[in-house]
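Keep in mind it's a predicted model, so treat the numbers as computed, not measured.
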Amino acid sequence: MAVSSERRKPRKTKSMSAEPIFRVGTAYWSSGFLFSAFRLGLFDVLAEKPRTVEELARKLKIAKHWAGKLVGAAQALELVIPDGERFANAPVATAHLVTGAPGYLGDLLIYFGDLWARFGELDHLMRHNEIGPRESAIALTRTAEERHASERAWVLAMDNIAASGQADALRGAVDLTGCRKMLDVSGGPGSYARSFVRATPGLTAEILDLPEVVSIASEFIARDGLGDRISVRGGDFLNDDYGEGNDAVLLSGVLHGFTEKHIHRLLKKSFRSLTSGGRIIVQEMTVDAPSPSQSLFASLFSLNMMLGASHSAEDIALWLNGVGFTEITVRPLENACWFDHVVTGRKP
């Protein structure tokens with residue numbers, strides 16, 4: 001039998017870039033740099049004046065070669081810009097990373113840093129539904145003062161988010177003209193209550209949150225001179241009564257922290273507390289966000305929730321309808337950096 005000597009040609013396969021794997025696998029490099037640069041004070045130092053690598057090394061009290069690497073990474077990430085032999089903050093760093101800036105996000109960075117260990121042990125969290133040994137060890141080594149500082153940073157981080165454009169986005173999407181009384185459930189530092197009250201003549205607000213949280217809200221209320229229009233109530237917003245006679249109830253960034261069973265409880269309590277014609281306002285990050293980057297953000301943020309999850313705007317609308325709300329609207333928020341949708345409904 002004759003045997004053919006013709007070789008079989010290798011099958012061509014389509015080349016696929018591994019770049020997405022490299023990008024995602026090394027994403028924590030950028031996070032680690034940003035947390036370190038912030039803790040070292042890089043952006044506050046450059047806010048004083050542009051500096052050379054040598055000047056930065058002296059000011060930050062680090063070796064010159066580390067200062068060079070620091071500004072090199074910051075420049076690559078477009079957080080600093082060269083100014084001759086010196087370096088200065090890029091506009092985004094000036095706006096958000098310099099202490100005292102109107103859009104300051106430093107407290108939010110501290111909170112992100114606190115999540116470092118948790119996201120490094122997600123497999124443990126998923127297998128055992130509890131935080132991993134590394135995060136537990138960090139918690140055990142913290143003093144009471146450090147724990148308090150961490151908890152305060154989280155509350156202040158929520159104000160960072162609101163001040164960086166989120167409050168303006170929400171206020172632009174929801175008009176409370178004619179409303180007299182608003183309840184801000186789990187209102188944190190009261191950022192949105194303060195924003196609505198300042199913009200709405202005749203509106204008063206009550207902030208309901210944990211006692212240690214509303215004490216911080218009281219500081220902001222006093223600072224803004226709004227003590228005659230905004231009150232605070234320390235309590236358990238999952239179980240406490242919401243009162244009555246509210247023209248509006250705000251649930252900003254609340255629902256993602258709870259299971260569907262508890263969400264129904266919150267919505268029913270809100271419904272009962274509203275006057276006829278009163279409205280509920282739900283602000284959330286959603287998995288059906290308008291842009292892929294917002295949807296990705298919501299999906300990844302969901303991994304941080306022990307019990308809750310990021311939901312879709314459609315699900316939120318259906319839950320409102322199931323409780324009895326009508327005239328339900330779903331609006332994407334423009335120029336918002338954190339929450340991407342606001343869902344509203346009215347009590348008949």
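Residue pairs meeting the salt bridge (charged side-chain N to carboxylate O under 4.0 Å, His left out) criterion with at least one partner in residues 334-348, sequence neighbours excluded, are E327-R346. Within the structure, every pair that satisfies the side-chain hydrogen bond (donor to acceptor under 3.5 Å, both in side chains) test and touches residues 23-36, not counting sequence neighbours, is listed here: E19-R23. Among residue pairs with one or both ends in residues 276-309, those qualifying as ring pair (Phe, Tyr, Trp, His ring centres under 6.0 Å) are H256-F301, F297-W338, F301-W338; sequence neighbours excluded. For residues 257-278, no pair satisfies salt bridge (charged side-chain N to carboxylate O under 4.0 Å, His left out), with sequence neighbours left out.
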Compile the donor-acceptor pairs under 3.5 Å between side chains in residues 85-101 and protein atoms, sequence neighbours left out, one pair per line.
from, atom 1, to, atom 2, distance (Å)
R86, NH2, E55, OE2, 3.4
N89, ND2, F43, O, 2.8
T94, OG1, A90, O, 3.3
H96, ND1, G103, O, 2.7
T99, OG1, D44, OD1, 3.4
T99, OG1, D44, OD2, 2.8

Taking only distance into account, with no hydrogens and no angle test, what donor-acceptor pairs under 3.5 Å do side-chain atoms of residues 69-79 form with protein atoms, sequence neighbours excluded?
none

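Every side-chain contact (heavy atoms from CB on, under 4.5 Å) that V232 has, sequence neighbours left out, goes to I207, V214, A217, S218, I221. Considering only residues two or more places apart in sequence or on other chains, H341 meets the ring-ring contact (aromatic ring centres under 6.0 Å, His included) condition with none of them. Listed by chain and number, the residues in a ring-ring contact (aromatic ring centres under 6.0 Å, His included) with W116 are F35 (sequence neighbours excluded). For H65, the ring-ring contact (aromatic ring centres under 6.0 Å, His included) test picks out no residue, with sequence neighbours left out. Legend: residues meeting ring-ring contact (aromatic ring centres under 6.0 Å, His included) with F220, ordered by chain and number and at least two apart, are absent. With sequence neighbours left out, D288 forms a side chain to side chain donor-acceptor pair (under 3.5 Å) with T286.
At distances below 3.5 Å, not a single donor-acceptor pair connects side-chain atoms of D159 with backbone N or O atoms of P189.
In this structure, F325 and L267 approach most closely via the heavy-atom pair CE1-O, 4.0 Å.
Partner of I280 under the side chain to side chain contact (heavy atoms under 4.5 Å, CB included) criterion, chosen from V323, L183, L251: L251.
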